[in-house]
Amino acid sequence: MSVDMATVSVCMATYNGAAYVAHQLRSILAELGPDDEVVVVDDASSDDTVQIVRGLEDDRIRVIAQERNAGYVASFARALAEARGDVLMLSDQDDEWVPGRRDLLVAALDDADVVASNLELLDSGAPLTSPLTGKPWVLSRAGSPTGRQLAIFAGVAPYYGCAMALRHSALDYLLPFPEGLRESHDLWIATAANVQRRLAHVDRVTVRRRVHESNASTSSPRGVRAALGSRLLMLRLWREARRRRAVQAGGGAVGA
């Protein structure tokens, strides 16, 4: 995919993000070209998030303010559906992009539908650590699709939406998100692309993640029941991804 020719849509879901969203958007806008865009879906914030975003007065930002809270997964799904670019990049409201991220991820999509990169902690520059092993969480180019899927099942594959980019055409099998999906949309995207054998990795940090008590997702350890529920969810997502691939192979239209 040509870095110079491709247009990029950054898909951001916001909710009560007034403290950090302006900083994040400035780091994003500095990366984008004049024909790129940022699609911000605000999930009925009760603070000044929408006013702050609009106050940046950048024509590349498009704000969709939802009247009712739908949850962050549904908000990301809407942002993806509204995006117009050739390449879509997911973004949280409170992180910081690393310079060069846009072009690096666009180039990495040359032979893939979805690409995932590494990330680090904003304040310290340290890598995220696995809550299971305590070791740094780093993506690797190595491994077969089966091995990657087993890592997702085991909860040791660090696929974060904020470190992902995808071709717009991948929405043909990614959307709509599976029925009842309320968390782990990033693992759905990784799983679906992996089943299609169209998942790639970039072994570089492209985003600095801000960790605080209001994060929608967390890397903290879960209880046994929650961990079991998460593994069952991953199995359901894998089965749905395989179903969609079969439907597409048969010339049908994907639906949840």
Side-chain angles (χ1 to χ4, degrees), residues 9-15 24 39 41 43 70-81 83 87-95 97 101 105 108-109 112-121 127-128 130-132 137-140 145 148-168 170-171 173-196 198-202 205-211 215-220 222 226-227 229-238 240-241 244 256:
S9 292
V10 179
C11 301
M12 176 185 289
T14 60
Y15 177 70
Q24 167 69 315
V39 181
V41 175
D43 201 19
Y72 71 94
V73 171
S75 296
F76 274 118
R78 183 171 183 186
L80 290 170
V87 173
L88 315 182
M89 297 186 181
L90 299 176
S91 173
D92 291 339
Q93 65 184 3
D94 44 13
D95 299 331
W97 278 23
R101 169 190 166 96
L105 294 186
L109 287 169
D113 284 349
V114 175
V115 61
S117 71
N118 291 319
L119 61 163
E120 66 185 14
L121 298 178
L128 269 69
S130 167
L132 298 178
W137 234 350
V138 179
L139 286 170
S140 172
R148 288 194 292 268
Q149 201 59 50
L150 290 174
I152 293 175
F153 287 152
V156 295
Y159 292 108
Y160 282 83
C162 63
M164 285 181 170
L166 55 136
R167 287 176 176 262
H168 194 283
L171 297 183
Y173 60 83
L174 292 174
L175 294 182
F177 284 168
E179 185 177 356
L181 187 65
R182 298 289 182 268
E183 62 176 26
S184 301
H185 64 291
D186 36 20
L187 293 181
W188 159 247
I189 293 171
T191 293
N194 191 50
V195 166
Q196 298 275 349
R198 298 286 294 170
L199 176 64
H201 301 128
V202 170
V205 169
T206 68
V207 65
R208 300 183 181 104
R209 180 170 169 80
R210 190 190 303 271
V211 177
N215 283 126
S217 60
T218 177
S219 56
S220 300
R222 295 185 171 195
S230 179
R231 302 288 74 76
L232 291 174
L233 172 63
M234 293 305 103
L235 179 60
R236 183 170 69 86
L237 295 181
W238 174 73
E240 174 63 11
R244 294 190 183 194

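Scope of the values below: all heavy atoms of this structure, side chains included, with no hydrogens, waters or symmetry mates. All residue numbers in this chain count up from 1 along the given sequence.
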Q. Got a sec, which residues hit side-chain hydrogen bond (donor to acceptor under 3.5 Å, both in side chains) with Q196, two or more places apart in sequence or on another chain?
A.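 Result, side-chain hydrogen bond (donor to acceptor under 3.5 Å, both in side chains) vs Q196: Q248.
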
Under a 4.5 Å cut-off applied to non-hydrogen side-chain atoms, are [X] and [Y] in contact?
X	Y	answer
H185	S75	no
V87	L105	no
S9	H168	no
L174	L80	no

Q: For the pair L90 and I189, evaluate side-chain contact (heavy atoms from CB on, under 4.5 Å) and give the outcome as yes or no after the intermediate values.
A: CA-CA 11 Å; L90 299 176; I189 293 171; 3.7 Å; yes

**Q.** Exam field: side chain D186 to backbone Y160, donor-acceptor pair closer than 3.5 Å
**A.**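 No, the answer is negative, given that no donor and acceptor are paired below the 3.5 Å cut-off.
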
Q | Main-chain N/O of Y15 paired with Q93 side-chain donor or acceptor, under 3.5 Å | A |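 Pair found, side chain donor or acceptor close to backbone of Y15.
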
Measure across [X] and [Y] and return the closest heavy-atom pair with its distance rounded to 0.1 Å.
X	Y	answer
F76	A13	CE2-N, 3.6 Å
G155	R231	CA-NH2, 3.7 Å
L237	S184	CD1-O, 4.4 Å

How long is the span from the [atom1] atom in [X] to the [atom2] atom in [Y], to the nearest 0.5 Å?
X	Y	atom1	atom2	value
L166	L88	CG	CG	4.5 Å
Y159	N194	OH	CG	6.0 Å
L199	I152	CG	CD1	7.0 Å
L233	L187	CG	CG	8.0 Å
N118	L128	CG	CG	10.0 Å
R148	T191	CZ	OG1	11.0 Å

Q: Could you tell me which residues satisfy salt bridge (Lys or Arg N to Asp or Glu O under 4.0 Å) with R208, sequence neighbours excluded, listed by chain and number?
A: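 Applying salt bridge (Lys or Arg N to Asp or Glu O under 4.0 Å) to R208 gives E96, E120.
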
Q.
Tell me every residue that passes salt bridge (Lys or Arg N to Asp or Glu O under 4.0 Å) with D113, counting only those two or more places apart in sequence or in another chain.
A.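 So D113 forms a salt bridge (Lys or Arg N to Asp or Glu O under 4.0 Å) with R198.
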
**Q.** Check ion pair D92-R210 (N to O, under 4.0 angstrom)
**A.**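 Not counted as a salt bridge, because no side-chain N and carboxylate O are separated by less than 4.0 Å.
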
**Q.** Check ion pair R236-E240 (N to O, under 4.0 angstrom)
**A.**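 E240 and R236: not salt-bridged.
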
(Q) Would you call the rings of W238 and F153 parallel, tilted or perpendicular, taking 30° and 60° as the class edges? (A)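 Plane angle over 60°, so perpendicular.
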
